[in-house]
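For reference, the structure discussed in these notes is given below.
As the structure is a computational prediction, the values presented were derived from the model and not from experiment.
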Amino acid sequence: MTTTVERKATNVHWHDGDVTRDNRAAILGHKGVTLWFTGLSGSGKSTVAVAVEKALAARGVLSYRLDGDNIRLGINSNLGFSAEDRQENIRRVGEISKLFADTGVVVLSSFISPYREDRETVRKMHEDAGLPYMEVFVDCPLEEAESRDPKGLYKKARAGEIKGFTGIDDPYEAPVSPELRLNTAEMTLEQEVEVIIATLQEKGIIAKD
Ligand SMILES: Nc1ncnc2c1ncn2[C@@H]1O[C@H](COP(=O)(O)OS(=O)(=O)O)[C@@H](OP(=O)(O)O)[C@H]1O
Ligand SMILES: Nc1ncnc2c1ncn2[C@@H]1O[C@H](COP(=O)(O)OP(=O)(O)O)[C@@H](O)[C@H]1O
């Protein structure tokens with residue numbers, strides 16, 4: 001598998017406008033950033049993102065969630081779960097996250113994103129664009145995620161009704177050095193939100209309380 005995407009568009013050039021990223025941050029009162037939540041199905045990615053979105057809204061911070069299931073119903077509806085399709089899913093969502101972060105939004109991207117190499121591609125996209133990026137490892141033992149089974153997908157995977165299900169018969173490569181690690185089997189949702197908000201404040205992305 002390779003992360004090099006063939007560039008079919010030639011003779012195209014980036015076009016800058018007059019309104020800068022700093023101008024946009026001044027309008028919004030905070031900076032843009034991508035928080036990339038990665039973890040097993042049922043680990044808590046969506047639950048944490050929903051709670052963080054609410055906590056940010058209460059502080060007057062504009063955020064937007066990009067969620068695996070939702071994105072796969074729309075822009076990525078032509079992609080399945082092979083390694084190649086997951087790679088393209090993450091590449092596209094990485095690009096979308098980057099654009100949102102550039103607008104000044106706090107982007108909450110929740111994708112299993114099981115391959116380290118694909119996640120590194122997204123990190124690099126942000127670094128190259130000079131945009132803040134935080135990988136959040138939503139860490140939860142498989143046994144716990146499977147016992148939660150919020151959508152009944154593990155049951156189906158165990159029954160052989162879903163093939164290539166992450167954690168069952170498809171790999172998940174855990175992050176080596178994420179900016180944040182949330183052990184959702186040990187922490188409460190409130191603690192998880194608190195850690196994320198505090199980190200955004202420490203990094204100067206949003207204002208302190
Ligand atoms: N084979 C297989 N493996 C994993 N997940 C599966 C699969 N088939 C369907 N689903 C559902 O798709 C959601 C994961 O989509 P993602 O876009 O996050 O996946 S990936 O990042 O491209 O690996 C995942 O959502 P979450 O449970 O919220 O993680 C599932 O609802
Ligand atoms: N500390 C916790 N943090 C996040 N979710 C938790 C926690 N404890 C239990 N849960 C539950 O685990 C499930 C996680 O599901 P979900 O957020 O859809 O996971 P994912 O998006 O990773 O597939 C939810 O039912 C949620 O209520």
Check your understanding: For Arg116, which residues count as a side-chain hydrogen bond (donor to acceptor under 3.5 Å, both in side chains) partner, sequence neighbours excluded?
Key -> none

Study note, to complete from the structure: Glu192 meets the side-chain hydrogen bond (donor to acceptor under 3.5 Å, both in side chains) criterion, sequence neighbours left out, with none

Summary of salt bridge (charged side-chain N to carboxylate O under 4.0 Å, His left out) pairs that have at least one residue in [range], sequence neighbours excluded:
range            : result
residues 154-166 : Glu146-Arg158
residues 123-134 : Glu120-Arg123, Arg123-Glu179, Lys124-Asp128
residues 167-177 : Arg86-Asp170

Exercise for review: Using a cut-off of 6.0 Å, state whether more than 12 heavy atoms not belonging to Gln201 lie near its atom CD.
Suggested key: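 Yes, CD of Gln201 has more than 12 neighbouring heavy atoms, counting only those of other groups under 6.0 Å.
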
Just list the side-chain donor-acceptor pairs under 3.5 Å for residues 10-17, sequence neighbours left out, or say none.
{"from": "Trp14", "atom 1": "NE1", "to": "Asp16", "atom 2": "OD1", "distance (Å)": "3.1"}

Review point. What pairs meet the side-chain hydrogen bond (donor to acceptor under 3.5 Å, both in side chains) rule with one or both residues in residues 34-46, with sequence neighbours excluded?
Key: Thr34-His126, Trp36-Ser113, Thr38-Ser113, Thr38-Tyr172, Ser46-Asp67

**Study point:** By salt bridge (Lys or Arg N to Asp or Glu O under 4.0 Å) - contacts of Asp209 (at least two apart)
**Key:**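 In terms of salt bridge (Lys or Arg N to Asp or Glu O under 4.0 Å), with neighbours along the sequence ignored, Asp209 is linked to Arg59.
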
Check your understanding: salt bridge (Lys or Arg N to Asp or Glu O under 4.0 Å) with Glu95: which residues, sequence neighbours excluded?
Key -> Lys98

**Study point:** Pair Phe165 and Tyr154, ring centroids less than 6.0 Å apart
**Key:**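 Centroid distance Phe165-Tyr154: below 6.0 Å, so yes.
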
Exercise for review: With sequence neighbours excluded, tell me which residues meet side chain to side chain contact (heavy atoms under 4.5 Å, CB included) with Lys151.
Suggested key: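 Residues passing side chain to side chain contact (heavy atoms under 4.5 Å, CB included) with Lys151: Asp69, Leu153.
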
Review point. Tracing side-chain links under 4.5 Å among I, L, V, M, F, W and Y, which residues wind up in one group with Val19?
Key: none

Check your understanding: What residues form a ring-ring contact (aromatic ring centres under 6.0 Å, His included) with His30, not counting sequence neighbours?
Key ->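 Testing His30 for ring-ring contact (aromatic ring centres under 6.0 Å, His included), a comparison that skips the adjacent residues, returns none.
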
